[in-house]
Amino acid sequence: MWTPALVRDYIAETFSVEYSLAHMYRVMKRAGLSYQTARPRHHKADPAEQQRWRSEFKKSGRR
């Protein structure tokens, strides 16, 4: 996953040119790229099954 910060660092190292982070968002948009993150939950996940798993996997409170 390329973030604007990673693109900025890559361009600075490769081409010895520095840009602002805001400009990297514009550059990525013009290039047809978007900053994407992972979903917090899988779209096909069963909420009831997740809750059942959480209830079985409780922390003991001790380390």
Side-chain angles (χ1 to χ4, degrees):
M1 172 175 77
W2 284 90
T3 64
L6 286 174
V7 173
R8 180 180 61 181
D9 293 344
Y10 175 77
I11 290 174
E13 289 177 15
T14 306
F15 302 105
S16 299
V17 178
E18 292 189 19
Y19 292 105
S20 70
L21 191 57
H23 185 66
M24 287 297 98
Y25 282 97
R26 291 189 293 269
V27 168
M28 288 177 70
K29 185 174 182 176
R30 275 190 241 142
L33 303 171
S34 63
Y35 172 63
Q36 298 177 344
T37 59
R39 293 179 182 175
R41 293 184 194 98
H42 192 273
H43 67 284
K44 293 183 180 179
D46 181 12
E49 182 64 22
Q50 288 180 344
Q51 186 60 38
R52 183 194 64 75
W53 184 83
R54 280 191 202 109
S55 66
E56 290 178 4
F57 189 74
K58 291 191 177 188
K59 293 182 180 179
S60 67
R62 293 182 288 172
R63 288 190 174 210

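- Proximity of V27 to Y19: side-chain heavy atoms (C-beta onward) are nowhere separated by under 4.5 Å.
- Atom-to-atom distance recorded for Y10:OH and T14:OG1 is 4.0 Å, nearest 0.5 angstrom.
- The side chain to side chain donor-acceptor pair (under 3.5 Å) check on E49 picks up R52, with sequence neighbours excluded.
- Atoms NE2 and CZ, from H23 and R30 in turn, are 5.5 Å apart once rounded to the nearest 0.5 Å.
- With sequence neighbours excluded, no residue satisfies side chain to side chain donor-acceptor pair (under 3.5 Å) with S20.
- Rounding to the nearest 0.5 angstrom, the gap separating the OH atom in Y25 from the OG1 atom in T3 is 7.5 Å.
- In the displayed structure, E18 atom CD is contacted under 6.0 Å by at most 12 heavy atoms of other residues, nucleotides or ligands.
- With values rounded to the nearest 0.5 angstrom, Q51 atom CD is found 11.0 Å from E56 atom CD.
- Under a hydrophobic-cluster definition in which Ile, Leu, Val, Met, Phe, Trp and Tyr are linked whenever side-chain heavy atoms come within less than 4.5 Å, directly or via other members, L21 and I11 are assigned to different clusters.
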